Amino acid sequence: MLDKVVFYFFAGLAVLSAILVVTRRNVVHSAIFLITALLATAGIFLQLHAEFLFAVQIILYVGGIMVLFIFVIMLVNLDVALHQVQFNRQAWLGVLLALVLGVQLAVGFLVGRTGVTFAKPSGGPLEPNTELVGRALFQNYMLPFEIASILLLVAMIGAVVMAKKKV
Amino acid sequence: MIPTSHYLALSLLLFTIGVIGVVTRRNVIIILMSIELILNAVNINLIAFSRMLGSVDGQIFALFVITDAAAEAAVGLGIIIAFFRNRETVLADEMDILKW
Amino acid sequence: MRELIEFFRPHLLPLLYALVIVAVLPLIAGYVVLVERKVMADMQARLGPMRVGPHGLLQPIADAVKLLLKEDIIPENADVWIFWLAPLLSVTAGMLALSALPFGPAFQIADLNIGLLFVVGIGSMGIFGIVLGGWASNSHYSLLGALRSSAQLVSYETAAGMALVSALLLAGTLSMATIVRVQEQKGVWFVFVAPIAFFTYLVASIAETNRAPFDLPEAESELVAGYMTEYSGFRWALYFLAEYTNMIVVGSIATVMFLGGWLRPFPNVRALDFFDYVPAVLMLGIAGYCLWRAPKQPVTVQKLFLVAVAGLCALLAAILGAPLFGVPYLSKAALHGGFWFLLKVFLYIYVFMWLRFTFPRYRFDQLMRLGWHFLIPVSIVNVVAIGVALVLHRQFGWASWLALLVTTVGTLAVAGYLAATDERHETAMVGGDA
């Protein structure tokens with residue numbers, strides 16, 4: 001019963017925050033609602049017994065990426081932007097197409113529910129979660145791990161070069 | 001235990017809202033934030049299946065998705081700052097230098 | 001109805017602990033402020049607050065009443081919702097981090113599997129309170145102070161995290177209570193095994209809590225008061241509470257990871273069991289000192305007050321000494337554990353205060369240079385060094401003290417090289433640095 005309450009609470013919070021992210025006029029308000037949506041997603045991860053990803057989501061996404069977003073918002077904040085039109089000219093068409101996409105995905109999911117056979121679930125418990133994730137990351141997925149670190153190095157250099165003042 | 005379909009429905013909702021944000025808003029920073037919403041929807045999907053199948057691969061994939069999202073946000077925001085310095089605007093409609 | 005009670009029963013004790021912490025924390029933070037003012041006065045050869053209550057002990061109460069009764073000013077054109085939300089975020093992050101910390105073997109709200117990651121993550125959420133507070137004030141000084149402060153926090157967070165990872169490698173687990181038990185098993189506090197990590201964490205945590213000598217963003221003579229400029233009255237009190245709560249949190253983390261948590265010195269050595277008498281003897285010593293100073297006080301109220309303090313310390317000594325003489329119902333582990341933990345946290349915070357009143361402030365570019373050019377490389381090299389030491393010990397069979405000594409010397413050599421070859425600018429830079 002607690003499971004259901006926690007899930008519906010975090011799911012409702014995530015959907016509500018997401019709707020508010022895309023509809024607010026003030027960019028800082030959007031950022032705060034995105035923080036709330038990310039925290040709600042972290043709650044969903046925790047409810048799925050993925051504790052390591054819950055912690056990583058909070059440290060990286062909320063504590064890292066969103067701080068970066070808020071810094072940039074403060075650097076490019078224009079007061080005049082608050083009074084301009086917020087939605088572009090093809091907004092209605094865009095919403096319609098997005099809804100069509102959503103309906104397509106939903107239909108695909110409903111139809112495919114019975115047709116797909118998954119491999120027999122190993123069904124073992126995913127605890128202790130951090131240990132399992134660590135083992136898999138450093139044994140089976142060592143190459144993607146190293147590639148991800150090179151990716152981060154490239155992104156760091158790229159971001160520094162893009163944001164430098166031209167001397 | 002909550003059936004996996006509930007998590008997939010939540011993921012679908014977040015994905016659709018993210019896509020609406022990307023195609024509808026003019027402010028480039030909000031477009032980037034909607035992209036983060038899309039990535040989070042995908043993460044919920046991956047971890048729900050990881051729980052259902054009892055394999056940790058889904059969580060590893062989600063970890064790499066978070067890593068990539070960080071890298072992409074950093075570079076994207078760097079580009080926005082560079083463009084803002086040149087053109088004083090963050091609205092996608094006005095970023096049309098390459099148009100004829 | 002019955003099943004509802006059964007459902008909540010396992011959560012009642014943690015809820016009680018949480019209520020105790022939330023209720024007591026503002027009082028403790030207020031008295032830490034008083035202790036800081038007294039220590040500051042002692043180091044500056046004066047007396048500190050003496051007027052309100054005996055020896056100034058009611059000063060925090062007077063301050064709290066004043067702050068509550070002040071006029072609540074919101075700047076013009078400020079974003080009211082975010083202005084209201086920002087101090088709340090800071091305080092919430094600080095208090096939430098306290099929920100995973102063990103204050104003794106029996107006093108922990110939640111022993112999370114990922115306790116250390118959780119506390120570090122919540123600490124990184126405290127940055128939002130600062131940034132949003134500075135932005136919402138609609139004032140240039142506040143925004144600059146907030147950006148500077150959050151840049152400083154983000155920079156030193158990496159160094160602090162890496163230092164904690166070094167201790168984590170030695171412990172093998174993320175759960176805070178288990179880390180203390182591992183230190184008990186190995187019989188040595190991790191500060192003796194990884195001293196560089198402890199020193200790095202000490203410096204990084206001073207920067208993390210915006211304390212001097214890293215307090216440029218909030219010093220009185222710089223940028224007015226940084227992000228706190230436009231906050232007055234109770235909102236400012238909330239920021240202040242958040243800062244002192246953060247000090248207690250980093251002190252607790254350092255105590256658990258490096259200083260052995262609730263363990264007494266040399267916890268496994270039976271020959272040094274007389275250390276178990278130290279708490280009681282310490283309290284009796286304080287009581288004796290108070291009784292000795294009582295007749296020398298000029299005013300009767302202060303005399304009576306010192307006698308009362310002596311009585312209280314004697315009572316605490318009796319409570320702490322009782323388990324050693326076989327009194328039932330008083331658990332030695334819980335009482336002595338709590339005492340040692342609080343003593344260590346207090347010593348850590350005393351070192352914070354000591355450094356505050358001794359060193360001049362770092363300029364912002366010096367601060368960032370220290371963080372990025374020195375602390376982060378040293379802490380990363382330290383992680384690698386401790387990993388190498390563990391491999392040497394486990395796979396090549398070296399004695400553990402030898403492996404750690406070799407790698408510590410190596411890390412010190414790297415740190416020395418970094419410190420010697422860093423270009424320093426004695427005057428503030430005018431153009432940009434490349």
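Being a predicted model, the structure only gives us computed values, none of them experimental. Computed over heavy atoms, backbone and side chain alike; hydrogens, waters and symmetry mates excluded. Protein chains get the first letters and strands the later ones, always in sequence-line order, with residue 1 at the start of each.
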Any idea which of B:Leu77, B:Val19, B:Val75 has the most non-hydrogen atom pairs under 4.5 angstrom with chain A?
B:Leu77

For the candidates A:Leu137, A:Val15, A:Val76, which exhibits the highest count of non-hydrogen atom pairs separated by less than 4.5 Å from chain B?
A:Val76

I need the residue from B:Thr89, B:Leu63, B:Asp93 with the largest number of non-hydrogen atom pairs under 4.5 Å to chain A.
B:Leu63

Interface moiety of B:Glu72 toward chain A, non-hydrogen atoms closer than 4.5 Å:
neither

Interchain contact, B:Arg26 with chain A, by part (heavy-atom threshold 4.5 Å):
both

Point-to-point distance, once rounded to the nearest 0.5 Å, from CD1 of A:Ile59 to CD1 of B:Ile66
10.5 Å

With distance as the sole test, does B:Ser50 use its side chain to make a donor-acceptor pair with the main-chain N or O of B:Gly58 at under 3.5 Å?
no

Tell me, side chain or backbone of B:Leu8 under 4.5 Å from chain A's heavy atoms, or both, or neither?
side chain

Indicate the atoms forming the closest heavy-atom contact of A:Ala159 with B:Ala74, along with that distance.
CB-O, 3.9 Å

Need one label for B:Ala9: side chain, backbone, both or neither, based on atoms under 4.5 Å from any heavy atom in chain A.
neither

Check each atom of A:Arg24 against the heavy atoms of chain B and say whether the ones under 4.5 Å are side chain, backbone, both or neither.
backbone

Region of A:Leu38 in contact with chain B, defined by heavy-atom distances below 4.5 Å:
side chain

Top of A:Leu60, A:Leu34, A:Val95, A:Asn140 for chain B proximity - count of heavy-atom pairs under 4.5 angstrom:
A:Leu34

Between B:Ala82 and A:Met162, what is the shortest heavy-atom contact and its length?
CB-O, 3.4 Å

Segment of B:Ile29 engaging chain A (4.5 angstrom heavy-atom cut-off)
both

Residue list, salt bridge (Lys or Arg N to Asp or Glu O under 4.0 Å) with A:Arg25, at least two apart or on another chain
none

Which portion of B:Leu91 sits near chain A, non-hydrogen atoms under 4.5 angstrom:
side chain

Under 4.5 Å to a heavy atom of chain B? For A:Leu101 that would be side chain

Taking side chain as everything from C-beta outward and backbone as N, CA, C, O, which of these in A:Phe109 sits under 4.5 Å from a heavy atom of chain B? Side chain, backbone, both or neither.
side chain

Is B:Ile44 in contact with chain A via its backbone, its side chain, both, or neither, using a 4.5 Å heavy-atom distance?
both

Less than 3.5 Å apart, any donor N or O on the side chain of A:Gln47 or B:Tyr7 sitting next to an acceptor on the other?
yes

Say you draw a straight line from CG of B:Leu37 to CZ of A:Phe33; how long is it, rounded to the nearest 0.5 Å?
13.0 Å

Counting only heavy atoms closer than 4.5 Å, note whether A:Ala37 contacts chain B via side chain, backbone, both or neither.
side chain

Which atom names give the shortest non-hydrogen contact between A:Ala31 and B:Met33, and what distance separates them?
CA-SD, 3.7 Å

Does any backbone or side-chain atom of B:Ile47 lie under 4.5 Å from a heavy atom of chain A? Answer side chain, backbone, both or neither.
both

Is it the case that more than 12 heavy atoms not belonging to B:Arg87 sit under 6.0 Å from its CZ atom?
no

Examine whether an atom of B:Thr67 lies under 4.5 Å from a heavy atom of chain A, and if so say whether it belongs to the side chain, the backbone or both; otherwise answer neither.
both

Kindly determine whether B:Gln59 and A:Asn129 satisfy side chain to side chain contact (heavy atoms under 4.5 Å, CB included), including the steps that lead there.
CA-CA 10 Å; B:Gln59 299 188 15; A:Asn129 187 263; 3.1 Å; yes

Taking all non-hydrogen atoms of both residues, which atom of B:His6 and which atom of B:Ile2 are closest, and how far apart?
CB-CG2, 3.7 Å

So what's closer than 4.5 Å to chain A heavy atoms on B:Ile20: side chain, backbone, both or neither?
both

Need one label for B:Leu10: side chain, backbone, both or neither, based on atoms under 4.5 Å from any heavy atom in chain A.
side chain

Checking heavy atoms, do the side chain of A:Ser17, its backbone, both or neither come under 4.5 Å from chain B?
neither

Residue part contacting chain A, namely of B:Asn40, when any heavy atom lies under 4.5 Å
both

Going through the distances and angles, do A:Thr41 and B:Asn43 end up as a side chain to side chain contact (heavy atoms under 4.5 Å, CB included)?
CA-CA 9 Å; A:Thr41 315; B:Asn43 272 347; 5.7 Å; no

Looking only at A:Ala98, A:Gly64, A:Gly94, the option with the highest number of non-hydrogen pairs under 4.5 Å against chain B is A:Ala98

With a cut-off of 6.0 Å (strictly less than), are more than 12 heavy atoms of other residues, nucleotides or ligands near CZ of B:Phe61?
no

Return the set of residues passing ring pair (Phe, Tyr, Trp, His ring centres under 6.0 Å) with A:Phe145 (not counting sequence neighbours), or none when no residue passes.
A:Phe138

What part of A:Ile65 gets closer than 4.5 Å to chain B, counting heavy atoms only: side chain, backbone, both or neither?
side chain

